[in-house]
Colleague: 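Pasting a structure here, questions to come.
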Amino acid sequence: MPTTKNFRLTPLNIVSALFLLTAVYIFIYGAGLIGMQVHYLGSAIGWIFLLFAFVVSFLDIMLRNFFPQTKKLWIVELSFITLTLIIFLLVK
């Protein structure tokens with residue numbers, strides 16, 4: 001009987017799922033629907049979002065090994081997401 005003890009919902013899981021959904025959306029409907037002016041780069045943008053999803057999933061696996069407690073894992077991952085958003089907004 002499989003146990004659900006190893007399955008933990010974390011913020012980076014949610015972000016990687018959003019990246020996957022965005023990539024699938026771009027592959028199906030194209031990048032023009034999300035506001036991109038150059039329509040022929042849609043598949044490249046989709047592959048970039050798939051790469052983001054892979055990197056975020058890998059980071060989630062690494063952080064799970066360093067922080068076995070779910071509460072600390074949530075704090076670290078939310079801090080990482082917040083720091084990433086702040087850097088993105090500063091660069092933008």
Side-chain angles (χ1 to χ4, degrees):
M1 177 182 216
T3 61
T4 59
K5 182 180 178 185
N6 292 333
F7 179 73
R8 293 184 288 177
L9 186 64
T10 60
L12 289 181
N13 280 344
I14 297 168
V15 170
S16 63
L18 290 175
F19 280 145
L20 283 175
L21 285 174
T22 305
V24 169
Y25 182 82
I26 289 173
F27 280 133
I28 292 174
Y29 297 109
L33 291 176
I34 60 169
M36 189 171 168
Q37 300 297 328
V38 184
H39 299 289
Y40 59 86
L41 289 177
S43 62
I45 300 298
W47 284 108
I48 289 172
F49 275 104
L50 280 177
L51 176 68
F52 286 165
F54 175 74
V55 169
V56 169
S57 297
F58 183 72
L59 181 65
D60 182 48
I61 292 170
M62 285 184 4
L63 288 175
R64 283 175 187 249
N65 289 330
F66 286 116
F67 302 100
Q69 295 176 346
T70 306
K71 183 178 179 179
K72 288 182 182 179
L73 182 66
W74 268 78
I75 292 171
V76 169
E77 288 186 1
L78 285 175
S79 299
F80 174 75
I81 292 170
T82 305
L83 179 66
T84 305
L85 286 175
I86 289 171
I87 291 173
F88 174 76
L89 291 174
L90 286 175
V91 170
K92 188 177 180 185

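As the structure is a computational prediction, the values presented were derived from the model and not from experiment.
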Colleague: Any chain of hydrophobic side-chain contacts (each under 4.5 Å) joining L89 to L18?
Modeller: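 They do not share one cluster, since no chain of ILVMFWY contacts under 4.5 Å joins L89 to L18.
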Colleague: In Å and rounded to the nearest 0.5 Å, what is the CG to CG distance from L63 to L73?
Modeller: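 It comes to 6.5 Å.
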Colleague: To the nearest 0.5 Å, what is the distance between CG on L12 and CH2 on W74?
Modeller: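 If we round to the nearest 0.5 Å, L12:CG and W74:CH2 are 10.0 Å apart.
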Colleague: Do E77 and V15 have side-chain heavy atoms sitting under 4.5 Å apart?
Modeller: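 A side-chain contact is absent here, since even the closest heavy-atom pair is not under 4.5 Å.
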Colleague: Could you pull out all residues at least two apart from T70 that satisfy side chain to side chain donor-acceptor pair (under 3.5 Å)?
Modeller: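 T70 satisfies side chain to side chain donor-acceptor pair (under 3.5 Å) with R8 once adjacent residues are dropped.
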Colleague: Quick check: do F52 and T22 have side-chain heavy atoms less than 4.5 Å from each other?
Modeller: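 No, their side chains stay 4.5 Å or more apart.
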Colleague: Would F58 and V76 show up in the same hydrophobic cluster when neighbours are defined by side-chain heavy atoms closer than 4.5 Å?
Modeller: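 Yes; V76 is reachable from F58 via cluster members.
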Colleague: Are L59 and I48 connected, step by step, through hydrophobic side chains (Ile, Leu, Val, Met, Phe, Trp, Tyr) whose heavy atoms are closer than 4.5 Å?
Modeller: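 Per the 4.5 Å side-chain linkage, L59 and I48 are co-clustered.
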Colleague: Any chance you could measure F49, atom CZ, to L51, atom CG, to the nearest 0.5 Å?
Modeller: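 Output value for this atom pair is 11.0 Å.
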Colleague: Are V56 and M62 connected into the same hydrophobic cluster when the rule is that any two of I, L, V, M, F, W, Y join if their side-chain heavy atoms are below 4.5 Å apart?
Modeller: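 Cluster IDs for M62 and V56 match.
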Colleague: Going through the checks in order, is the side-chain contact (heavy atoms from CB on, under 4.5 Å) test met by Q69 and I75?
Modeller: CA-CA 10 Å; Q69 295 176 346; I75 292 171; over 6 Å; no
Colleague: Considering all heavy atoms of both residues, which atom of I26 and which atom of G46 are nearest to each other, and what is their separation?
Modeller: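 Nearest heavy atoms, I26 then G46: CG2-N, 3.9 Å.
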Colleague: Closest approach of S43 and F27, non-hydrogen atoms and distance?
Modeller: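 That closest heavy-atom pairing would be O-CE2, 3.5 Å.
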Colleague: Side-chain contact test, heavy atoms from C-beta onward, threshold under 4.5 Å: evaluate it for I86 versus T82 and give yes or no.
Modeller: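 Yes, side chains in contact.
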Colleague: For W47 and A23, indicate whether the former's side chain and the latter's backbone hold a donor-acceptor pair under 3.5 Å.
Modeller: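 Between the backbone of A23 and the side chain of W47 there is no qualifying donor-acceptor contact (under 3.5 Å).
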Colleague: Give the cluster check for L85 versus F80: same hydrophobic cluster or not, with ILVMFWY residues linked at side-chain heavy-atom distances below 4.5 Å.
Modeller: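 Yes, L85 connects to F80 through the hydrophobic network.
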Colleague: Quick one: CD1 on I45 to CG on L50, what's the gap to the nearest 0.5 Å?
Modeller: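 Result: 12.0 Å between the selected atoms.
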